[in-house]
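FYI, the numbering just counts along the sequence from 1.
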Amino acid sequence: MLANLHPTKIRIVKIVFKAHLSGITSLKEKRSRLAPVWAGLRANHFCAVEESGDRDVSSRLEMTIVVLAEDADTARSRADNLIDWLEGKFRSEEWSDHQLEWLE
């Protein structure tokens, strides 16, 4: 049975998302505000997420999200849906940037 399986190439998309968080005055407040966002990303999107920069700056956010998929079209769709979801969560914030990178 296992001999009939064909290896597939997994598509990986890395998204780096940056935003300015208005009204945040402490790291504790930043983390408590971001915890439901990270939980929502993990629960609703097939991805891994980590705060990747500006960890010690309460008013700025940089997070890296990795999306896995079995083909390029699915990876692109998942990445687009994830970015739309993030834009909705950070609508009131100063959205500074997001970058997509395809990893092989």
Side-chain angles (χ1 to χ4, degrees):
M1 185 86 159
L2 289 177
N4 294 336
L5 295 177
H6 298 283
T8 59
K9 188 173 184 179
I10 298 295
R11 300 296 179 182
I12 304 168
V13 181
K14 180 176 93 172
I15 304 164
V16 178
F17 171 83
K18 297 179 183 181
H20 176 77
L21 304 172
S22 58
I24 302 291
T25 58
S26 71
L27 292 175
K28 183 177 180 180
E29 184 179 2
K30 175 183 179 181
R31 301 272 163 23
S32 67
R33 188 163 165 195
L34 292 176
V37 173
W38 290 333
L41 282 169
R42 291 179 180 122
N44 299 314
H45 303 277
F46 194 68
C47 69
V49 59
E50 184 65 40
E51 187 174 6
S52 55
D54 294 326
R55 296 181 112 168
D56 296 331
V57 181
S58 61
S59 62
R60 288 196 313 254
L61 167 65
E62 179 182 307
M63 66 177 149
T64 299
I65 305 159
V66 177
V67 177
L68 304 175
E70 57 278 0
D71 59 60
D73 290 339
T74 303
R76 170 57 76 180
S77 176
R78 287 181 180 168
D80 289 344
N81 290 338
L82 190 146
I83 290 168
D84 289 345
W85 188 85
L86 278 174
E87 286 176 342
K89 292 293 180 189
F90 289 94
R91 190 171 320 231
S92 63
E93 305 301 335
E94 185 179 312
W95 174 275
S96 60
D97 192 23
H98 75 274
Q99 300 169 339
L100 269 71
E101 179 182 348
W102 291 86
L103 306 174
E104 294 294 326

Would Lys14 and Thr64 count as a side-chain contact (heavy atoms from CB on, under 4.5 Å) if you check the C-alpha gap in whole Å, the side-chain angles of each, and the deciding distance to 0.1 Å?
CA-CA 7 Å; Lys14 180 176 93 172; Thr64 299; 3.6 Å; yes

[X] side chain near [Y] side chain, heavy-atom distance below 4.5 Å:
{"X": "Arg55", "Y": "Glu50", "result": "yes"}
{"X": "Arg76", "Y": "Asp71", "result": "no"}
{"X": "Arg11", "Y": "Thr74", "result": "no"}
{"X": "Phe17", "Y": "Glu87", "result": "no"}
{"X": "Lys30", "Y": "Glu51", "result": "yes"}
{"X": "Leu82", "Y": "Leu41", "result": "yes"}
{"X": "Leu61", "Y": "Lys18", "result": "no"}

Residues Ser52 and Glu62: side-chain donor-acceptor under 3.5 angstrom
yes

Answer with yes or no whether the side chains of Asp80 and Ser77 bring together a donor and an acceptor at under 3.5 Å.
no

Which heavy atom in [X] sits nearest to a heavy atom in [Y], and how many Å separate them?
{"X": "Val67", "Y": "Ala75", "value": "CG1-O, 4.5 Å"}
{"X": "Ala79", "Y": "Leu100", "value": "CB-CD2, 4.2 Å"}
{"X": "Val66", "Y": "Ile12", "value": "CG1-CG2, 3.6 Å"}

What verdict does the side-chain contact (heavy atoms from CB on, under 4.5 Å) test give for Val13 and Leu103, after you've listed the backbone C-alpha separation in whole Å, the side-chain angles of each residue and the deciding distance to 0.1 Å?
CA-CA 6 Å; Val13 181; Leu103 306 174; over 6 Å; no

Should Val49 and Trp85 be regarded as members of a common hydrophobic cluster, given that ILVMFWY residues are connected when their side-chain heavy atoms come within less than 4.5 Å of each other, either directly or indirectly?
yes

Spell out, yes or no, whether Trp102 and Ile83 are grouped together once hydrophobic residues are joined by side-chain heavy atoms under 4.5 Å, including indirect joins.
yes

Report the distance from atom NE2 of His45 to atom CD1 of Ile15, rounding to the nearest 0.5 Å.
9.5 Å

Which value, rounded to the nearest 0.5 Å, describes the distance between Ile24 atom CD1 and Ser32 atom OG?
7.0 Å

Under the criterion side-chain contact (heavy atoms from CB on, under 4.5 Å), I'd like the reasoning laid out for Ser58 against Glu29: C-alpha separation, chi angles, the key distance, then a yes or no.
CA-CA 8 Å; Ser58 61; Glu29 184 179 2; over 6 Å; no

Do Ile65 and Trp38 pass the side-chain contact (heavy atoms from CB on, under 4.5 Å) test, and can you show the C-alpha distance, the side-chain angles, and the key distance before you say yes or no?
CA-CA 10 Å; Ile65 305 159; Trp38 290 333; over 6 Å; no

Looking only at atom types and distance, does a side-chain atom of Arg78 sit under 3.5 Å from a main-chain N or O of Leu68, one as donor and one as acceptor?
yes

